[in-house]
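One-based numbering along the sequence shown.
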Amino acid sequence: MQKREQGKSGGAAGGNAAPPPKRGRPFGSTAASIASASAADSVAPSTLLGPSLQIHNSFSVEQNNKRIVLALQSGLKSELTWALNTLTLLSFKEKDDMRKDACLAKIPGLLDALLQIIDDWRDIALPKELRKGQRTRTLGANSVITGFGNEYEALGSIALLPQSGLGSGSAAEISGQKNTSKRRRSEWWLDEDGLFNLDDEGRAEKQQCAVAASNIIRNFSFMPENEIAMAQHRHCLETVFQCIEDHIVEDEELVTNAIETIVNLAPLLDLRIFSSPKPSYIKITEKRAVQAIMGMLGSQVKAWHCAAAEFLGRMIINPDNEPLLLPFVPQIYKRLVDILSLQAFDAQAAAIGALYNLVDVNMDCRLKLASDRWAVDRILKVIKTPHPVPEVCRKAAMIIEHLASDPQNRTSLLAYENTFAEILFSDGRHSDTFARILFELTSKPNNKIAAARGIWGM
């Protein structure tokens, strides 16, 4: 699949860039970024999605909302370009901007129209020759040939006789298999790419439109008035999670926009929506959604695994999502400990935030984290370095306090009591926390050896 080498559309973070601060104005909307974008206009106008567009302050989306939706649904290049450029500009609002027209909930059908653009691109993004279709395994039942490959496809032209001893249902199974073969032959024409196949230029335009639509959805997710509508929109979540699931072959900017969108929606997101009676466009299950996030967590792209860690940290505190995430907790905390070893401050902050919520709600994570060879050392390193954000250091200290509150962790944590005492007397910001940690470790020893090693004496 072709990867976009054109200039990034305004405000979308690159594959190697850190995710922007949540609830703030998206990155790329400052005066310096606008000036650099204007300079890029004059240098390489062909790399942009369309011509530059200025929207007057009197432009009212309420009067033009139907036109915007129809333009997105039309598929016409000029109308599509106008609608995407308009929505892109409207979705970037200054903090003091009084414009309220960019609320997604006020425009019926807008989100579905944007999602359809992304779905249209994903339908042609991967060539059909590389797709792995679903096949029904017959395992040689009621057939002359037995195998696990494509042999069963040849059985449609073979007259099969029911074998003795297979019961009365064998004839029905044979007729069902023949009907399946007939349906497969009748769908050969529909399996083609279509009468009007796209060339490379057409595919590139489709890809640009899909990325622009995902960028608009991402920008809308930063607005609190859009959160509820987007978090309860099953088609939106299915499309976003499918982009994340295919992050290896999908456009990097499209994946980045998708992961940042769900991070913004995480506090209101309930994974049970994928098994709800709401209409489904893409068959995404709760397990596939969590596996998609786990794939992003294991990614080497910093922006992706940082966003995945932040998303998991927000999701685990929801009691409805906790049972779906518990089977993956051993993999989650091990990866978070690996991220703590990175020198990037934003990666450390994301890992600390996720671990802070994990140890708060899951006892198994507390036990395994305390016994991990590198976990406590790396958490202490964040405190002693220290991390430039004081809140990250505070959460790191609270993680150790959560570990010390469990009696089964006292033996393993007593090996660090000298380090705890050093931080207690040298850093006044965390002295209260580490005083409580030492009190937990030494005041209620569970054996005589632990009592003898207490620094306060017993």
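- Although no hydrogens or angles enter the test, the distance criterion places a donor-acceptor pair under 3.5 Å between the side chain of Arg378 and the main chain of Val337.
- Residues forming a salt bridge (Lys or Arg N to Asp or Glu O under 4.0 Å) with Arg234 (at least two apart in sequence, or on another chain): Glu238.
- A 4.5 Å side-chain heavy-atom check between Leu369 and Asn409 finds every atom pair outside the cut-off.
- Residues Leu355 and Leu340 are in side-chain contact: their nearest non-hydrogen atoms beyond the backbone lie under 4.5 Å apart.
- Side chains of Asp120 and Gln116: a donor-acceptor N/O pair is present below 3.5 angstrom, by distance only.
- Counting heavy atoms from C-beta outward, Gln348 and Val392 have side chains that stay 4.5 Å or more apart.
- No donor-acceptor distance shorter than 3.5 angstrom exists from the side chain of Asp427 to the backbone of Ile423, with no hydrogens or angles considered.
- Around atom NZ of Lys278, more than 12 heavy atoms belonging to other residues, nucleotides or ligands sit under 6.0 Å away.
- In this pair, Tyr281 and His235 present their aromatic rings parallel. The plane angle is below 30°, not in the 30 to 60° band.
- A donor-acceptor pair under 3.5 Å links the side-chain atoms of Asn357 to the main chain of Gly313, judged by distance alone.
- Using a distance-only test at 3.5 Å, with no hydrogens or angles considered, no donor-acceptor pair links the side chain of Arg335 to the main chain of Ala309.
- Residues Met296 and Val301 have side chains not in contact (no heavy-atom distance under 4.5 Å, counting atoms from C-beta outward).
- The CD1 atom of Ile259 sits 4.0 Å away from atom CD1 of Ile244, with the distance rounded to the nearest 0.5 Å.
- Side-chain atoms of Phe345 and Pro388, non-hydrogen and from C-beta on, do get closer than 4.5 Å to each other.
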How far apart are the C-alpha atoms of Arg394 and Glu391, what are their side-chain angles, what is the distance that settles it, and do they pass the side chain to side chain contact (heavy atoms under 4.5 Å, CB included) test? CA-CA 5 Å; Arg394 186 191 71 83; Glu391 180 65 15; 2.6 Å; yes
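- For the pair Asn219 (side chain) and Asn215 (backbone), a donor-acceptor distance under 3.5 Å is present.
- Side-chain contact between Ile332 and Ile316 is absent, with no heavy-atom pair separated by less than 4.5 Å.
- Side-chain N/O atoms of Gln208 and Trp121 include no donor and acceptor closer than 3.5 Å.
- Using modelled atom types, one side-chain atom of Arg366 and one backbone atom of Val359 make a donor-acceptor pair closer than 3.5 Å.
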Donor-acceptor pairs are to be reported for all side-chain atoms of residues 398-405 against protein atoms at under 3.5 Å, with residues two or more places apart or in another chain.
residue: Glu401; atom: OE1; partner: Arg436; partner atom: NH2; Å: 3.4
residue: Glu401; atom: OE2; partner: Arg436; partner atom: NE; Å: 2.9
residue: Ser405; atom: OG; partner: His402; partner atom: O; Å: 2.5

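- Looking at heavy atoms from C-beta onward, Ile352 lies out of side-chain contact with His387 at the 4.5 angstrom threshold.
- At least one donor-acceptor pair closer than 3.5 Å links the side chain of His305 to the backbone N or O of Ser299.
- Remark: the backbone N or O of Phe220 is paired with a side-chain donor or acceptor of Asn226 at under 3.5 angstrom.
- A donor-acceptor contact shorter than 3.5 Å links the side chain of Ser371 to the backbone of Lys368.
- The side chain to side chain donor-acceptor pair (under 3.5 Å) test applied to Asp270 returns Arg272, not counting sequence neighbours.
- By the 4.5 Å heavy-atom criterion applied to side chains, Ile273 and Glu286 are not counted as neighbours.
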